Amino acid sequence: MEKTNLLYEGKAKKVYETNDPALLIVDYKDDATAFNGLKKGTIAGKGEINNRVTNHLMKLLEKNGVPTHFVEELSPRETAVKRVSIVPLEVIVRNIAAGSLAKRLGLAEGTKMKKTVLEFCYKDDELGDPMVNEYHILAMEYCTEEELKLISQYALKVNEVLSAYLKDLGIELIDFKLEFGRLADGTIVLADEISPDTCRFWDSATGEKLDKDRFRRDLGHVEDAYHEILRRLMGE
Ligand code: UDP
């Protein structure tokens, strides 16, 4: 499999077409952005770590019944994935109040909630990814009702599998963002990445943040946190 042309360059990854029309190659970058691109920087080693962490978790999810776009890790930063058309939603799952939810509802970060919370945002950088509900999603035809049901089921399953897995590694899964795509035949699969860029990971014992909040909030030891997640996952 060979890269042909660059299809898309985003904030954290480049995506290439290949000589196989059904496959793309994702190339993870060290670049980091936050606050809808307002804050920019680099996190040394992030590309490799996010590639390896994502693939490790995607494989775990596949084994547990969640279909994903993952095909094969090609190099430390590059992975072959199935070509999908992305459903234009960010699917956010929250176990503990943090970030924008804590702010919006006036809760202290770390507040436990009675139930897992599922949120959807319409993927549009210019609009700042506004939050939408089921009515908006169906009215605007971002996906079908059937797709939305499946996406919601998969998102909650991902939460169950990852929360249990990470708990054993001393990591509390606070919240995370998922994206889904459609294969050529319409099958919904989990796509994009699952990494310290897209999840909040807190050390179970100390509450220390081991994710992109260290970059967003200038907490220092950003690279150490990313490495610590990789180390716990890979047992390295
Ligand atoms: N998230 C993400 N990309 C986004 C927005 C959020 O990966 O564009 C992740 C974020 O890392 C966190 C979860 O989704 O794990 C919930 O984020 P929140 O809505 O609290 O927004 P934030 O505080 O990150 O701006």
Side-chain angles (χ1 to χ4, degrees), residues 8-13 26 28-41 43 46-47 49-51 53-54 57-58 61 68-69 86-113 115-133 136 142 151-152 154-156 158-159 161-163 165-166 171-181 190-204 207-219 222 225-226 228-229 233:
Y8 158 87
E9 178 159 6
K11 289 169 265 188
K13 326 185 218 7
V26 181
Y28 287 77
K29 307 194 289 188
D30 286 354
D31 298 347
T33 63
F35 312 118
N36 202 16
L38 244 53
K39 184 180 170 82
K40 289 193 176 74
I43 301 173
K46 176 170 86 74
I49 292 172
N50 285 0
N51 185 41
V53 167
T54 294
L57 297 178
M58 290 280 183
L61 291 166
T68 79
H69 72 163
I86 287 284
V87 175
L89 294 173
E90 297 202 334
V91 181
I92 294 175
V93 182
R94 302 181 181 274
N95 296 308
I96 302 279
S100 69
L101 176 79
K103 199 171 169 192
R104 184 154 36 87
L105 300 185
L107 303 169
E109 276 209 313
T111 302
K112 294 226 160 60
M113 303 186 290
K115 274 176 67 101
T116 296
V117 170
L118 199 56
E119 290 174 0
F120 301 95
C121 295
Y122 173 49
K123 259 174 75 70
D124 186 311
D125 283 340
E126 272 180 38
L127 298 176
D129 300 336
M131 195 190 288
V132 290
N133 67 24
H136 300 110
Y142 297 145
I151 285 171
S152 303
Y154 285 153
L156 295 174
V158 168
N159 187 43
V161 172
L162 294 189
S163 292
Y165 177 75
L166 294 167
I171 300 166
E172 194 167 4
L173 182 58
I174 303 301
D175 59 30
F176 57 95
K177 186 263 301 179
L178 300 174
E179 294 185 26
F180 291 85
L190 180 62
D192 196 49
E193 65 178 292
I194 308 175
S195 71
D197 272 10
T198 63
C199 303
R200 285 194 169 91
F201 295 133
W202 293 2
D203 182 274
S204 305
E208 189 189 356
K209 295 183 189 345
L210 299 172
D211 56 56
K212 194 173 160 186
D213 273 346
R214 302 206 73 85
F215 169 78
R216 292 189 189 100
R217 305 178 187 185
D218 297 318
L219 300 176
V222 183
Y226 280 70
E228 180 61 16
I229 291 297
L233 259 57

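In listed order, ligands and their atoms are each counted from 1. As the structure is a computational prediction, the values presented were derived from the model and not from experiment. Below, all heavy atoms of this structure are taken into account, side chains as well, without hydrogens, waters or symmetry copies.
Assignment of Lys103 to the shell around ligand 1 is not supported, since no heavy atom sits closer than 4.0 Å. At least one heavy atom of Asp197 lies less than 4.0 angstrom from ligand 1. A heavy-atom separation below 4.0 Å is not found between Lys212 and ligand 1. Distances from ligand 1 to the non-hydrogen atoms of Arg216 include at least one value under 4.0 Å.
For the pairing with Glu193, the salt bridge (Lys or Arg N to Asp or Glu O under 4.0 Å) check across Lys13, Lys212, Lys29 returns one residue only, Lys13.
Note that the OG1 atom of Thr68 and the OH atom of Tyr154 stand 11.0 Å from one another [nearest 0.5 Å]. The distance from the NZ atom of Lys177 to the CZ atom of Arg200 is 12.5 Å, given to the nearest 0.5 Å. From Asp211, atom CG reaches atom OH of Tyr226 across 7.0 Å, with rounding to the nearest 0.5 Å. Rounding to the nearest 0.5 angstrom, the gap separating the CZ atom in Phe215 from the NZ atom in Lys39 is 5.0 Å. Put simply, CG on Leu89 and CG on Asp124 are 12.0 Å apart, with the number rounded to the nearest 0.5 Å.
Each of the following atoms of ligand 1 lies closer than 4.0 Å to a heavy atom of Phe176: 14 (O), 15 (O). Listed by number with element, the atoms of ligand 1 under 4.0 angstrom from any heavy atom of Arg94 are 16 (C), 18 (P), 19 (O), 20 (O). Ligand 1 places these atoms under 4.0 Å from at least one heavy atom of Gly99: 20 (O), 23 (O).
In terms of protein heavy atoms, atom 22 (P) of ligand 1 is closest to Arg200 NH2, 3.5 Å. Nearest non-hydrogen protein atom to atom 8 (O) of ligand 1 is Glu90 OE1, 3.2 Å. The protein non-hydrogen atom at the shortest distance from atom 13 (C) of ligand 1 is Asp175 OD1, 3.4 Å. In terms of protein heavy-atom proximity, atom 21 (O) of ligand 1 is nearest to Ser100 OG, 3.7 Å.
A 6.0 Å sphere centred on NZ of Lys103 holds no more than 12 heavy atoms belonging to other residues, nucleotides or ligands. Taking a 6.0 Å sphere around NZ of Lys40, one finds it holds 12 or fewer heavy atoms contributed by other residues, nucleotides or ligands.
One finds a salt bridge joining Asp125 and Lys11 here, because a Lys/Arg side-chain nitrogen approaches an Asp/Glu carboxylate oxygen to under 4.0 Å. A salt bridge links Arg217 to Glu109: one of the charged nitrogens lies within less than 4.0 Å of a carboxylate oxygen.
The residue among Lys123, Arg217, Lys177, Glu179 with a heavy atom at the shortest distance from atom 14 (O) of ligand 1 is Lys177.
By the criterion of a heavy-atom distance under 4.0 Å, the backbone of Cys199, and not its side chain, is placed next to ligand 1.
Checked by distance only, ligand 1 and Glu119 stay at 3.5 Å or farther apart across all their nitrogen or oxygen atoms.
At a distance under 4.0 Å, a protein heavy atom can be found next to atom 11 (O) of ligand 1.
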